[in-house]
Amino acid sequence: EDYKFVKDQVEFNQLLTKVNIALTKVKIKKAIERDRLIIQTNGAIEELDKSINIFMERLREWYGLHFPEMDRIITEHEKYAKIVEKFGSRKAIEDPELRQFKEKSMGTELTEEDIKTLQLFSNKILEFYKLRDDLSKYLEKLLKEIAPNFTELAGPMLAAKLISKAGSLERLAKMPSSTVQLLGAEKALFRFLHGKGRSPRFGLLYNHPLIQNSPEKLKGRIARVLASKLSIAAKMDYYSKEYRGDKLKKELQERIKEILSSK
């Protein structure tokens, strides 16, 4: 008995093509669905940052009634919250930086209940810090899974911001590198197109260490090279799923070195 389900090679090739197209669609669909998770997680982290800043300003003002001198000495927010949570009353603080100030502080005395409430508030802020940390780790894992080439070049936080700004990995992969270069500079570009101000040289890319650490007059050129490599990396992640991030990174660093030495 003959179990042939195609009558000839031509029909078999057509079937193969259809199967390949279907598989590619499934692969791309999966990538699209997963990249939405990057956008949501990145959004949650950005909102957490805003909330933490608002709550920390409140804590500094509130605890500042009791120990105003600490505000200027402990500039790092998380450390400030940890000190309040751990010690409560300024008299109990054992931090060497603060020892000399706590005895002569101009702050008001607080009751045990006042202190406990401040400690509770600090504790909740520190839970936000922990949540932010957990989300950042999760985001990094997601990025390495979905956009490994792009993440290798941009770094996790910037990669997440660029994918979010573009709206999806697909959109990012289809953008010309000049658009990638200006992602996040839309307002400045709009002003420039209406005859106000200069043409922007970069948007979110400004935060990349390669641009941060280069001389002012070369920032534009370096942004162009970086955007072009990022554009290639996004296309690789979206279309081919082949990992060449380390090779791309090496090429990028060599190109930057050339630019910096040809000043």
Side-chain angles (χ1 to χ4, degrees), residues 19-56 77-78 124-187 202-211 223 226-249 252:
V19 169
N20 278 332
I21 289 170
L23 284 173
T24 305
K25 275 184 182 166
V26 169
K27 241 165 133 185
I28 286 179
K29 186 169 187 287
K30 215 170 141 195
I32 289 169
E33 283 167 359
R34 300 286 290 164
D35 71 0
R36 286 183 191 156
L37 294 171
I38 293 174
I39 293 168
Q40 293 301 329
T41 311
N42 179 65
I45 290 171
E46 286 180 352
E47 278 152 11
L48 266 176
D49 282 340
K50 284 178 196 160
S51 303
I52 287 170
N53 277 328
I54 289 166
F55 287 139
M56 275 310 306
H77 279 346
E78 195 174 359
K124 295 301 169 196
I125 294 172
L126 290 168
E127 280 178 14
F128 270 165
Y129 272 108
K130 170 79 174 72
L131 176 60
R132 190 200 185 282
D133 199 40
D134 291 343
L135 287 180
S136 297
K137 284 178 188 145
Y138 166 67
L139 180 62
E140 211 161 314
K141 251 175 90 173
L142 268 181
L143 283 158
K144 281 182 180 155
E145 172 210 328
I146 297 158
N149 291 297
F150 193 73
T151 306
E152 182 65 46
L153 293 192
M157 290 320 285
L158 182 57
K161 282 180 166 41
L162 289 164
I163 291 169
S164 301
K165 196 74 188 164
S168 68
L169 182 59
E170 179 187 11
R171 280 194 197 155
L172 195 62
K174 290 178 177 175
M175 275 177 186
S177 68
S178 55
T179 308
V180 175
Q181 188 178 335
L182 293 178
L183 271 177
E186 291 77 15
K187 281 181 185 164
F202 30 64
L204 287 162
L205 285 197
Y206 180 72
N207 299 306
H208 194 286
L210 284 175
I211 292 177
L226 176 61
S228 147
K229 283 286 182 215
L230 284 172
S231 194
I232 293 167
K235 285 173 174 58
M236 276 182 182
D237 287 329
Y238 184 69
Y239 293 108
S240 75
K241 302 281 177 280
E242 178 197 351
Y243 180 72
R244 284 184 43 208
D246 39 7
K247 191 170 176 289
L248 284 172
K249 196 174 187 178
L252 173 65

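Worth knowing before you read on, the calculation uses all heavy atoms, side chains too, and leaves out hydrogens, waters and symmetry mates.
- Partners of Phe128 under the ring pair (Phe, Tyr, Trp, His ring centres under 6.0 Å) rule, at least two apart in sequence or in another chain, are Phe55.
- In terms of the salt bridge (charged side-chain N to carboxylate O under 4.0 Å, His left out) criterion, residue partners of Lys161 (sequence neighbours excluded) are, by chain and number, Glu46.
- In this structure, Tyr129 and Met56 approach most closely via the heavy-atom pair OH-CG, 4.1 Å.
- Under the salt bridge (charged side-chain N to carboxylate O under 4.0 Å, His left out) criterion, Lys50 pairs with no residue at all, not counting sequence neighbours.
- For Thr41, the side chain to side chain donor-acceptor pair (under 3.5 Å) criterion is met by no residue, not counting sequence neighbours.
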Donor-acceptor list for residues 174-182 side chains, cut-off 3.5 Å, not counting sequence neighbours:
| residue | atom | partner | partner atom | Å |
| --- | --- | --- | --- | --- |
| Lys174 | NZ | Glu170 | OE2 | 2.7 |
| Gln181 | NE2 | Arg201 | O | 2.7 |

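- For the pair Ser136/Ile45, a side-chain contact is recorded, criterion being any heavy-atom separation below 4.5 Å from C-beta on.
- Rounding to the nearest 0.5 Å gives a distance of 11.0 Å between CG of Asp35 and CG of Asp237.
- Rounded to the nearest 0.5 angstrom, Ile54 CD1 and Asp49 CG are separated by 11.0 Å.
- Within the model, atoms CG of Leu162 and CG of Leu169 stand 11.5 Å from one another, a figure rounded to the nearest 0.5 Å.
- In this structure, the salt bridge (charged side-chain N to carboxylate O under 4.0 Å, His left out) partners of Lys124, at least two apart in sequence or on a different chain, are Glu127.
- When the side-chain contact (heavy atoms from CB on, under 4.5 Å) test is applied to Lys229, the partners found at least two apart in sequence or on another chain are Leu153, Leu248, Glu251, Leu252.
- Counting non-hydrogen atoms of neighbouring residues, nucleotides and ligands closer than 6.0 angstrom, the NZ atom of Lys144 reaches no more than 12 such neighbours.
- Note that the CD1 atom of Ile52 and the CD atom of Glu78 stand 8.0 Å from one another [nearest 0.5 Å].
- The side-chain contact (heavy atoms from CB on, under 4.5 Å) check on Glu145 picks up Arg34, Leu142, with sequence neighbours excluded.
- Atom CG of Leu158 and atom CD1 of Ile211 lie 8.5 Å apart (nearest 0.5 Å).
- Taking both residues in full, the closest heavy atoms of Ala160 and Leu139 are given as CB-CD2, 3.7 Å, listed atom of the first, atom of the second, then distance.
- Gly167 and Ile39 get closest at one heavy-atom pair: O-CD1, 3.2 Å.
- Atom CZ of residue Arg36 and atom OG of residue Ser168 lie 8.5 Å apart, to the nearest 0.5 angstrom.
- Under the 4.5 Å side-chain criterion, counting only non-hydrogen atoms from C-beta, Tyr138 is in contact with Leu37.
- The heavy-atom pair separating Leu143 from Ala159 by the smallest distance is CD2-CB, 4.1 Å.
- Each of Lys130, Arg132, Lys137 was compared with Asp134 under the side chain to side chain donor-acceptor pair (under 3.5 Å) criterion, and only Lys130 meets it.
- When all heavy atoms of Ala227 and Leu205 are compared, the closest pair comes out as CB-CD1, 3.9 Å.
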From CA spacing to verdict: side chain to side chain contact (heavy atoms under 4.5 Å, CB included), Glu140, Thr151:
CA-CA 9 Å; Glu140 211 161 314; Thr151 306; 5.7 Å; no
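- Residues satisfying the salt bridge (charged side-chain N to carboxylate O under 4.0 Å, His left out) test with Glu242, not counting sequence neighbours, are none.
- Taking the side chain to side chain donor-acceptor pair (under 3.5 Å) definition, one finds that Ser164 meets it with Asn42, sequence neighbours left out.
- Evaluation of the side-chain contact (heavy atoms from CB on, under 4.5 Å) rule for Tyr243 yields Pro148, Asn149, Glu152, Asp246 as partners, not counting sequence neighbours.
- A search for ring pair (Phe, Tyr, Trp, His ring centres under 6.0 Å) contacts involving Phe202 returns Tyr206, not counting sequence neighbours.
- Inter-residue side-chain proximity for Leu172 and Leu183 is flagged as met; some heavy-atom pair is nearer than 4.5 Å.
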